[in-house]
Amino acid sequence: MRVQIRIVAGTLRGRKLTCTLIGDVRPTPDMVRQALFSILGDAVPDRPFIDVFAGTGAVGIEALSRGAREALFIEREPRLAGEIDRHLSTFHVKEHGRVMRADAYRWAERWETPAEPVNVFISPPFIDFERRLGPLLQLLADLENKAAPGSVLVLQAESNFPVKKLPAPEEWDVRRYGRNQLLIRVKGF
């Protein structure tokens with residue numbers, strides 16, 4: 001199925017990504033993307049942004065539109081990764097975006113982190129919360145352990161996901177938006 005996803009704000013505001021939805025890819029709704037970037041606010045400009053389980057790439061491209069210095073897209077599905085590459089070229093932001101065709105779980109194990117704070121958006125297939133919860137929690141632990149202090153990790157999950165399953169659940173800020181919730185954690189110093 002082909003869909004169009006609108007960039008909500010920033011230099012690319014109003015531009016549309018035309019994407020093919022494959023398998024269990026579910027684009028982050030406009031309302032959730034707006035909320036995410038409203039929450040991140042001043043933490044977006046001039047900071048690296050990592051879109052893990054990138055899918056359509058809409059969140060990472062939105063970050064570039066809002067001033068992120070660079071965006072790294074982690075997507076294993078070749079067709080989706082190719083579409084992200086195409087959108088980066090079409091929108092003339094390819095020099096600020098890089099698509100890594102990789103399994104997100106393996107990538108997280110090997111991630112070589114920058115010394116500066118980053119924003120990391122993690123939006124796994126919702127089925128992974130049931131079938132791959134252990135590896136997903138390990139991915140979160142790997143990312144948080146490796147990220148520089150001041151980094152922001154955001155996990156998108158279904159609204160019924162029990163936060164108590166996360167490592168240090170009391171340290172996650174929970175925001176609900178219909179069927180979705182954003183779980184946000186800032187790595188301390």
Side-chain angles (χ1 to χ4, degrees), residues 5 7-13 15 17 26-75 80-81 84 87-88 91 93-100 102 104-105 107-124 136-157 161 163 166-169 171-177 180-189:
I5 301 167
I7 300 300
V8 178
T11 59
L12 300 174
R13 181 178 184 205
R15 303 287 299 266
L17 288 75
R26 41 145 190 69
T28 301
D30 283 1
M31 174 183 64
V32 177
R33 276 187 292 122
Q34 285 177 330
L36 167 68
F37 287 102
S38 178
I39 293 164
L40 291 176
D42 291 338
V44 175
D46 300 319
R47 185 184 270 199
F49 190 94
I50 303 168
D51 190 350
V52 184
F53 301 98
T56 65
V59 175
I61 292 173
E62 183 86 35
L64 289 173
S65 179
R66 292 172 182 253
R69 186 176 69 238
E70 58 190 26
L72 174 62
F73 301 84
I74 310 301
E75 178 53 55
L80 292 171
I84 296 169
H87 288 118
L88 292 171
F91 298 157
V93 293
K94 185 137 180 85
E95 68 276 5
H96 300 290
R98 184 167 58 105
V99 180
M100 183 171 285
Y105 295 99
W107 169 82
E109 293 170 1
R110 297 176 180 93
W111 180 37
E112 293 183 22
T113 58
E116 65 186 312
V118 296
N119 294 317
V120 184
F121 180 74
I122 307 129
S123 183
L136 179 57
L137 294 176
Q138 184 60 54
L139 175 141
L140 290 170
D142 286 344
L143 295 177
E144 202 227 332
N145 289 335
K146 293 177 179 183
S151 293
V152 180
L153 276 71
V154 180
L155 174 66
Q156 180 183 359
F161 175 71
V163 179
L166 292 174
E171 295 180 18
W172 292 82
D173 181 14
V174 179
R175 310 283 179 102
R176 288 186 174 78
Y177 306 93
N180 294 274
Q181 65 180 339
L182 294 177
L183 306 151
I184 304 142
R185 184 170 183 185
V186 178
K187 182 172 180 175
F189 290 88

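None of the values given here were measured: they were computed from a predicted structure.
Between atom CZ of residue Arg13 and atom CD of residue Glu62 there is a gap of 10.0 Å, rounded to the nearest 0.5 Å. Going from atom CD1 of Ile61 over to atom CG of Asp51 covers 8.5 Å, rounded to the nearest 0.5 Å. If you take OH on Tyr177 and OG1 on Thr28, they are separated by 12.5 Å, rounding to the nearest 0.5 Å. In this structure, the separation between CD1 on Ile74 and CD1 on Ile50 is 7.0 Å, given to the nearest 0.5 Å. Rounding to the nearest 0.5 angstrom, the gap separating the CG atom in Leu64 from the NE2 atom in His96 is 7.5 Å. Remark: Thr56 OG1 to Phe73 CZ distance equals 9.0 Å, nearest 0.5 Å.
No side-chain heavy atom of Val118 sits less than 4.5 Å from a side-chain heavy atom of Thr113. Ser123 places none of its side-chain heavy atoms less than 4.5 Å from the side chain of Val59. Counting heavy atoms from C-beta outward, Ile39 and Asp173 have side chains that stay 4.5 Å or more apart. Leu36 is not listed as a side-chain neighbour of Gln156, based on a closest heavy-atom distance of 4.5 Å or more. Taking 4.5 Å as the limit, some side-chain heavy atom of Pro167 sits within range of a side-chain heavy atom of Leu137. When side chains are defined from C-beta on, Asn119 does not count as touching Val154, because their heavy atoms never get closer than 4.5 Å. Counting only heavy atoms from C-beta outward, the side chains of Pro124 and Leu155 approach each other to under 4.5 Å. When side chains are defined from C-beta on, Leu139 does not count as touching Trp107, because their heavy atoms never get closer than 4.5 Å.
Between Glu171 and Arg185 a salt bridge is recorded (basic side-chain N to carboxylate O distance below 4.0 Å).
Nearest heavy-atom pair across Ala157 and Leu183 is CB-CD1, 4.1 Å. Between Gly57 and Leu17 the shortest heavy-atom distance is C-CD2, 4.4 Å. Nearest approach of Ile84 to Ala54, heavy atoms of both residues: CD1-CB, 3.8 Å. Between Ala147 and Lys187, the shortest heavy-atom contact is O-NZ, 2.6 Å. The two residues Ala71 and Gly60 make their nearest non-hydrogen contact at CB-O, 4.0 Å. Ser151 and Pro117 get closest at one heavy-atom pair: OG-CA, 3.4 Å.
The aromatic rings of Tyr105 and Phe53 lie perpendicular to each other, with more than 60° between the two planes, well past the 30° mark.
Listed for the Trp172 side chain is no donor-acceptor partner under 3.5 Å among the backbone atoms of Leu182. Checking side-chain atoms of Glu75 against main-chain N and O of Gly55 turns up a donor-acceptor pair under 3.5 Å. Judged purely by atom type and a 3.5 angstrom limit, Gln181 uses its side chain to pair as donor or acceptor with the backbone of Phe161. Between the side chain of Lys146 and the main chain of Ala108, a donor-acceptor pair closer than 3.5 Å is present. A donor-acceptor pair under 3.5 Å is absent between the side-chain atoms of Asp30 and the main chain of Val8, judged by distance alone. Ser65 places a side-chain N or O within donor-acceptor distance of the main-chain N or O of Thr11, the cut-off being under 3.5 Å.
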Under the side-chain contact (heavy atoms from CB on, under 4.5 Å) criterion, do Trp111 and Leu143 qualify, and how do the steps go? CA-CA 8 Å; Trp111 180 37; Leu143 295 177; 3.5 Å; yes
Verdict with reasoning, Leu40 to Phe49, per side-chain contact (heavy atoms from CB on, under 4.5 Å): CA-CA 11 Å; Leu40 291 176; Phe49 190 94; 4.2 Å; yes
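No more than 12 heavy atoms of other residues, nucleotides or ligands lie within 6.0 Å of CZ in Arg98, so this atom counts as exposed by the packing criterion. Other residues, nucleotides and ligands place more than 12 heavy atoms under 6.0 Å from the CG atom of Asn145.
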